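All values below come from the heavy atoms of this structure, side chains included, with hydrogens, waters and symmetry mates left out. For clarity, every value in this text was computed on a predicted model and none was experimentally measured.
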Amino acid sequence: MASYLEILFAIVAVCLALYYYLVSNFEFWKIRGVPGPQPIPLFGNIKDVILTKMPMGDYLRKLHEEYKNEPMIGIFSRRTPLLILRDPDLIKDVLIKDFSKFADRGLPVHEKVEPLTPHLFNLEAERWRPLRTRLSPVFTSGKLKEMFPLIIECSKHLEQYLEKVVAKEEPVECRELTAKYTTDVIGSCAFGIETNSLSDTESEFRRVGKKVFSLTIPGLIRFRLRQDMPRLYNLLGYILPPTEITSFFTKVVVDTMKYRSENDINRPDFINMLLELKKHPDKLENINLTDTLLTAQAFVFFIAGFETSSTTMTNALYELALNPEIQDKLRQEIKETYDKNNGELKYEQIKSMTYLDQIFRETLRKYPPGPLLIRQSMCDYTFDGTKVTIPKKTRLWIPVFSIHRDPDIYPNPDAFIPERFSEEAIGTRHPMNYLPFGDGPRNCIGARFAVYQSKLGLITILRNHEVNICDKTLIPYVFDPAAFLLAPKGGIYLKITRVDK
């Protein structure tokens with residue numbers, strides 16, 4: 001009998017110890033005077049997000065409205081404290097004014113298990129700074145202008161592909177259509193390779209690109225291990241073989257660099273910049289410039305470039321199908337631009353298309369690619385004008401989606417109104433109330449490239465075609481709760497028909 005009691009007491013003691021461990025940090029925000037919802041053991045405040053019952057964007061928007069008069073909100077991801085900033089001046093301090101104190105994102109880099117994770121988006125400040133400095137020149141206006149003919153060539157392939165799609169007279173899944181186009185653009189401008197996504201249904205680049213964002217059981221297991229047991233996950237790097245994605249991209253990048261070096265080939269693209277880094281490793285002090293590290297930079301350019309741009313293009317087409325009067329006005333601007341330039345389109349003319357720019361910005365306002373920006377404090381920090389002090393390595397979330405859908409900033413936020421981005425309207429808002437590409441030194445390095453490839457894709461589709469809703473169109477729009485980025489659940493189906501020039 002005594003042994004049974006001892007076992008029972010041991011079980012109770014373990015349960016109590018586990019419970020204490022799970023809740024021991026839950027006074028973190030209360031001690032600092034930061035308001036927030038009551039967390040629960042095991043999940044913290046994001047149970048519905050973890051269980052994929054609610055998209056992160058919707059959860060943050062709900063929280064944003066609930067604490068609408070607070071400059072900051074304290075929540076927990078499981079037992080980890082997270083600070084959500086609402087006040088635009090505090091956001092500006094973190095992203096710009098005091099950037100050096102928040103230069104890290106605090107994202108895990110598991111180089112042994114996932115060799116492609118040490119890229120610009122994830123890297124800690126020490127390696128991020130020199131790499132960002134050396135890679136930034138490839139995204140200047142001058143370099144983009146050099147790449148523009150490559151993007152134009154891909155847009156011509158899109159036009160040819162559209163004719164085949166339209167001829168079928170069937171609803172078109174627009175995310176797949178636009179992803180084929182952006183995959184070809186990134187393949188050409190980053191790797192100098194014709195990926196043939198628009199002409200070849202079995203394109204390797206497109207197949208692997210899909211796999212990066214697909215939700216598979218092995219992928220979910222990896223994600224959970226990475227989140228909950230990072231030390232164990234790191235040890236698995238000595239056991240698990242490289243994934244197909246890692247092997248594919250490493251081979252493509254290494255083989256392409258080798259071929260160009262041996263044949264003295266110079267192209268205005270991302271691989272060329274990586275080659276320059278490889279030739280002059282001394283310019284990156286304290287960084288072991290391996291082929292894997294170089295591949296990681298090309299990898300993030302590929303996945304960020306094709307996925308975010310294709311989703312943004314799709315969301316724009318969706319809104320234009322719902323708002324035909326806006327679509328007609330845009331098509332008229334496209335026609336006038338071509339007429340002024342003898343039926344051709346040049347780099348400078350895209351920037352001059354004011355209404356297209358307003359539509360594009362409004363699309364990113366309503367559907368920012370990521371629901372939040374992530375930062376981590378690199379030292380103890382006291383927020384200006386408050387008594388709130390956070391310790392080193394505290395994680396911060398800037399809720400981009402919530403800010404973009406705040407009715408006090410954007411009246412009638414769920415409506416699609418391009419005129420919100422007239423010069424006069426922009427001047428009335430705090431600059432931190434529009435953050436689709438982030439801001440400050442750690443903003444999106446490829447933002448300008450993404451804008452140009454997306455706008456050119458929209459011009460190509462809408463110049464001679466119109467998009468309309470059909471029986472398969474998702475109304476209302478529903479975000480996929482399992483998606484890493486903000487994306488529609490089940491895709492976006494529209495009817496595309498040819499119009500007279």
Side-chain angles (χ1 to χ4, degrees), residues 28-29 32-34 71-75 77 80-111 117-140 230 273 277 280-289 293 296-297 300-301 304 368-400 402-403 430-448:
F28 186 92
W29 293 121
R32 289 165 174 79
V34 178
M72 55 182 73
I73 310 162
I75 67 167
S77 173
T80 301
L82 301 168
L83 185 63
I84 299 174
L85 295 182
R86 293 185 77 262
D87 183 271
D89 290 322
L90 296 183
I91 292 172
K92 187 175 182 180
D93 287 346
V94 168
L95 295 182
I96 302 173
K97 182 187 169 192
D98 292 328
F99 169 75
S100 61
K101 299 171 184 176
F102 295 95
D104 276 350
R105 284 200 170 100
L107 297 173
V109 176
H110 302 282
E111 295 186 48
T117 55
H119 49 66
L120 277 181
F121 189 84
N122 287 347
L123 278 176
E124 76 288 346
E126 186 180 5
R127 284 188 290 176
W128 167 81
R129 289 179 195 276
L131 268 174
R132 170 84 183 213
T133 301
R134 299 299 301 167
L135 292 175
S136 290
V138 81
F139 296 103
T140 61
M273 181 61 73
L277 290 180
H280 306 285
D282 52 300
K283 293 184 179 180
L284 290 171
E285 295 180 11
N286 303 318
I287 293 182
N288 183 18
L289 207 60
L293 185 64
Q297 312 319 311
V300 75
F301 182 30
L372 53 91
L373 301 175
I374 303 170
R375 294 292 186 270
Q376 179 173 273
S377 59
M378 298 178 70
C379 59
D380 293 355
Y381 182 83
T382 301
F383 288 94
D384 193 28
T386 77
K387 295 181 180 179
V388 177
T389 298
I390 56 173
K392 181 180 179 180
K393 291 194 174 181
T394 302
R395 296 182 185 178
L396 287 80
W397 284 3
I398 297 166
V400 176
S402 310
I403 293 168
H430 195 292
M432 296 298 106
N433 284 333
Y434 184 69
L435 296 165
F437 296 112
D439 208 329
R442 200 146 189 176
N443 66 346
C444 175
I445 190 173
R448 187 184 284 111

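Residues passing the side chain to side chain donor-acceptor pair (under 3.5 Å) test with Thr389 are Thr382, sequence neighbours excluded. A search for side-chain contact (heavy atoms from CB on, under 4.5 Å) contacts involving Asp87 returns Pro71, Asp89, Leu90, not counting sequence neighbours. Take Pro391 and apply the side-chain contact (heavy atoms from CB on, under 4.5 Å) test, not counting sequence neighbours, and it matches Phe28, Arg32, Asp380, Thr394. Residues meeting the ring pair (Phe, Tyr, Trp, His ring centres under 6.0 Å) test with Trp397, sequence neighbours left out: none. Every side chain to side chain donor-acceptor pair (under 3.5 Å) that Glu124 has, sequence neighbours left out, goes to Arg127. Residues satisfying the side-chain contact (heavy atoms from CB on, under 4.5 Å) criterion with Lys393, sequence neighbours excluded, are Gln376. Legend: residues meeting side-chain contact (heavy atoms from CB on, under 4.5 Å) with Ile96, ordered by chain and number and at least two apart, are Lys92, Met432, Asp439. Listed by chain and number, the residues in a side chain to side chain donor-acceptor pair (under 3.5 Å) with Asp384 amount to none (sequence neighbours excluded). With sequence neighbours excluded, the residues satisfying side chain to side chain donor-acceptor pair (under 3.5 Å) with Asn443 are Arg132.
Closest non-hydrogen pair, Arg129 versus Ala103, comes out as NH2-CB, 3.6 Å. Closest non-hydrogen pair, Pro88 versus Asn433, comes out as CB-OD1, 4.1 Å. Here the closest non-hydrogen pair linking Pro369 and Pro436 is CD-O, 4.1 Å. The heavy-atom pair separating Leu277 from Leu289 by the smallest distance is O-CD2, 3.3 Å. Smallest separation of non-hydrogen atoms from Ile73 and Val34: C-CG1, 3.8 Å. The shortest heavy-atom contact between Leu82 and Ser77 is CD1-CB, 3.5 Å.
At distances below 3.5 Å, at least one donor-acceptor pair connects side-chain atoms of Trp29 with backbone N or O atoms of Ile75.
By the 6.0 Å and 45° rule, Arg442 does not stack over the aromatic ring of Phe99.
One distance of note links CG of Leu131 with CD1 of Ile445; it measures 9.5 Å at 0.5 Å rounding. Within the model, atoms CG of Leu83 and CZ of Arg395 stand 13.5 Å from one another, a figure rounded to the nearest 0.5 Å.
The shortest side-chain heavy-atom distance between Leu373 and Ile91 does not fall under the 4.5 Å cut-off. In this structure, Ile403 and Ile398 have side chains that are in contact, with non-hydrogen atoms separated by less than 4.5 Å. In this structure the side chain of Arg375 reaches within 4.5 angstrom of the side chain of Arg105, judged on heavy atoms.
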When you look at Leu120 and Gln297, which way does the side-chain contact (heavy atoms from CB on, under 4.5 Å) test go after all the steps? CA-CA 6 Å; Leu120 277 181; Gln297 312 319 311; 3.6 Å; yes

The test is side-chain contact (heavy atoms from CB on, under 4.5 Å); show your working for Val300 and Asn122 and say whether it passes. CA-CA 10 Å; Val300 75; Asn122 287 347; over 6 Å; no

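The stretch residues 93-102 participates, sequence neighbours left out, in these side chain to side chain donor-acceptor pair (under 3.5 Å) pairs: Asp98-Tyr381.
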